[in-house]
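Heads up: the structure comes next, in structure tokens.
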Amino acid sequence: MDFDLTEEQRLLKDSVDGLLADAYDFDARKKYMKERGGWSKALWGRLAEQGLLGLPFAEADGGFGAGSVETMIVMEALGKALVVEPYLATVVIAGGFLRHGGSAEQKAKYIPDIIDGSKTFAFAQLEKNSRYDLYDVVTAAKKKGEAYVIDGEKFVVLNGENADTLIVTARTKGGQRDKTGIGVFLVPADAKGITRKGYPTQDGLHAADITFTNVEVGADAAIGDPENALPLVERVADEARTAICAEAVGAMDESLKETVEYIKTRKQFGVAIGSFQSLQHRAADMFVALEQARSMSMFATMASDFDNAKERSSAVAAAKVQVGKSLKFVGQQSIQLHGGIGMTMEAKIGHYFKRLTMIENTLGDTDYHLRRVSEGGGLLG
């Protein structure tokens, strides 16, 4: 299997790396986090200017027709820089719903606003008792003539505080854990009957708990089949998992570099602690864990193009398991090798650890995906 990047992909990597090196050091990140909504609108505009917000969309829709490898390249760079802007929520997740399930009218209405950076989105899926099961949906969407009326609550909606449009899973028929009867709806975030309670998350991002009370949307708000949208939700969720695996690789890569640099300069007993063989072994083990995660991230990226949904799902689950194991090891070792300073808000390494921990719990933790791998026939030993 050829893992080499094409010339165009190398140029993309150089472009996004250059932009973030110029605009996203640790001090700039802290400044962006204090802006309204918790991220920089100016930086978001620069991402749009470089075409990064339009990468995955078809050329017919105004995008660049890029694939999963290009998304991997961008997400890895975002992970290295600890970017707080809503690329995952808007471009990967919302863009995925529009690309795979949106009507021609929906694409024409929403995609240009994503590409030019004028609108952001949020995926309202998690519920009070749903854990990681995408089909566990209580929020209801009842027919009212040609329209739908949505009632329910969604929790920890990434970018939910600041999004212009919400993509909401809601049940049109059946019971709480039925795998049919689930619809996906585009809902204006300022629609009558919506209440949002925003807050910062542990990793410096922002989320919101959202209540829907008699929120009415038209029939044209449904993405795909309003009674059988679970396959679409699962496909987009797997693409999002693949993307955050790449983000985790970027964050682990930078964590390792920061840690190695620290132990080269931190002195104990008059010598750099990096000269101690036991700490060199720890750094070597961190490198092995990183490369294992990188390989599985690449595997998931390749698998995202599989036609067989079960094979694609099993591959992504396997990647999420390995990445989850690796990020926990790399993150914890980074903190331990930094000592007490690693626990302070002033130390960059602690922020990598927080982001890695949140990634492990996003869209299914390691135990959840290990169970998926087992049920799918197993890709791990």
Side-chain angles (χ1 to χ4, degrees), residues 9 12 15-16 39 41 43-79 83-125 134 157-160 162-169 183-189 205 220-224 229-247 300-301 303-305 312 316 362-363:
Q9 290 165 347
L12 170 63
S15 174
V16 65
W39 51 273
K41 311 304 180 292
L43 191 279
W44 190 248
R46 292 184 66 178
L47 296 179
E49 288 172 7
Q50 286 206 212
L52 299 178
L53 306 187
L55 274 181
F57 299 106
E59 293 183 16
D61 296 321
F64 292 90
S68 54
V69 174
E70 285 76 15
T71 298
M72 178 190 74
I73 291 169
V74 173
M75 289 300 296
E76 188 170 330
L78 299 183
V83 168
V84 293
E85 281 64 35
Y87 195 91
L88 176 70
T90 299
V91 179
V92 177
I93 298 179
F97 277 110
L98 291 168
R99 287 187 297 110
H100 298 307
S103 65
E105 293 76 16
Q106 289 169 336
K107 291 178 179 180
K109 180 178 180 180
Y110 293 103
I111 289 179
D113 289 341
I114 295 177
I115 293 174
D116 67 17
S118 61
K119 304 290 184 183
T120 65
F121 288 68
F123 180 36
Q125 176 268 322
L134 298 171
V157 179
L158 190 62
N159 194 47
N162 200 54
D164 300 286
T165 303
L166 305 174
I167 294 181
V168 185
T169 55
V184 179
F185 300 89
L186 288 155
V187 183
L205 304 185
D220 60 350
I223 302 177
L230 182 61
L232 172 62
V233 174
E234 290 176 334
R235 179 171 186 176
V236 174
D238 275 340
E239 289 185 355
R241 289 165 179 144
T242 302
I244 60 174
C245 282
E247 182 187 354
T301 299
S304 64
D305 295 327
R312 183 175 65 238
V316 172
T362 300
L363 291 170

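This one's a predicted model, so the numbers in the text were calculated from it and none came from an experiment. We count residues from 1, following the sequence as given.
- Y87 contributes a side-chain N or O that, together with a main-chain N or O of L52, makes up a donor-acceptor pair within less than 3.5 Å.
- Residues meeting the side-chain contact (heavy atoms from CB on, under 4.5 Å) test with S304, sequence neighbours left out: S68.
- In this structure, SG in C245 is found 11.5 Å from CE in M72, a value given to the nearest 0.5 Å.
- By the side-chain hydrogen bond (donor to acceptor under 3.5 Å, both in side chains) test, E49 is found to be paired with no residue, residues two or more places apart in sequence or in another chain being considered.
- Applying the salt bridge (Lys or Arg N to Asp or Glu O under 4.0 Å) test to every pair with at least one member in residues 52-65, sequence neighbours left out, gives no pairs at all.
- The nearest pair of heavy atoms linking V91 to F57 is O-CZ, 4.4 Å.
- Between L53 and A48 the shortest heavy-atom distance is CD1-CB, 3.6 Å.
- Annotation: side-chain hydrogen bond (donor to acceptor under 3.5 Å, both in side chains) contacts of R312 (sequence neighbours excluded): none.
- The shortest non-hydrogen separation linking A240 to V92 is CA-CG1, 4.0 Å.
- Under the side-chain contact (heavy atoms from CB on, under 4.5 Å) criterion, K41 pairs with W39, N162, sequence neighbours left out.
- Heavy atoms only, all atoms of each residue included: L98 and I114 are closest at CD1-CD1, 3.9 Å.
- Listed by chain and number, the residues in a side-chain contact (heavy atoms from CB on, under 4.5 Å) with Q9 are L5, T6, V69, E70, I73 (sequence neighbours excluded).
- Atom NZ of K109 sits about 6.5 Å away from atom CG of D220, to the nearest 0.5 Å.
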ask   = Checking side-chain contact (heavy atoms from CB on, under 4.5 Å) for the pair T90/W44: CA distance, chi angles, key distance, verdict?
value = CA-CA 11 Å; T90 299; W44 190 248; 4.1 Å; yes

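- Annotation: side chain of V16 is not in contact with side chain of Q50 (no heavy-atom distance under 4.5 Å).
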Just distance, no hydrogens or angles: give the donor-acceptor pairs under 3.5 Å from side chains in residues 115-123, sequence neighbours left out.
residue	atom	partner	partner atom	Å
D116	OD1	S118	N	2.8
D116	OD1	S118	OG	2.7
S118	OG	D113	O	3.4
S118	OG	D113	OD1	3.4
T120	OG1	N159	ND2	3.3

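- Applying the side-chain hydrogen bond (donor to acceptor under 3.5 Å, both in side chains) test to R241 and every residue at least two apart in sequence or in another chain returns D238.
- In terms of heavy-atom proximity, I223 sits nearest to G102 at CG2-N, 3.8 Å.
- L88 contributes atom CG, which lies 9.5 Å from atom CG of L78 (distance to the nearest 0.5 angstrom).
- Shown here are the side-chain contact (heavy atoms from CB on, under 4.5 Å) partners of P188, two or more places apart in sequence or in another chain: D190, A191.
- Residues V74 and L47 fail the side-chain proximity criterion, which asks for heavy atoms closer than 4.5 Å.
- For T169, the side-chain hydrogen bond (donor to acceptor under 3.5 Å, both in side chains) partners two or more places apart in sequence, or in a different chain, are K154.
- Although no hydrogens or angles enter the test, the distance criterion places no donor-acceptor pair under 3.5 Å between the side chain of Q125 and the main chain of I167.
- Contacts classified as salt bridge (Lys or Arg N to Asp or Glu O under 4.0 Å) and involving residues 98-107 (residues at least two apart or in different chains) are given here: R99-E239.
- Applying the salt bridge (Lys or Arg N to Asp or Glu O under 4.0 Å) rule to E76 yields the partners R294; only residues at least two apart in sequence or on another chain are considered.
- The two residues V168 and V187 have their closest heavy-atom pair at CG2-CG2, 3.8 Å.
- Rounded to the nearest 0.5 angstrom, M75 CE and T301 OG1 are separated by 10.5 Å.
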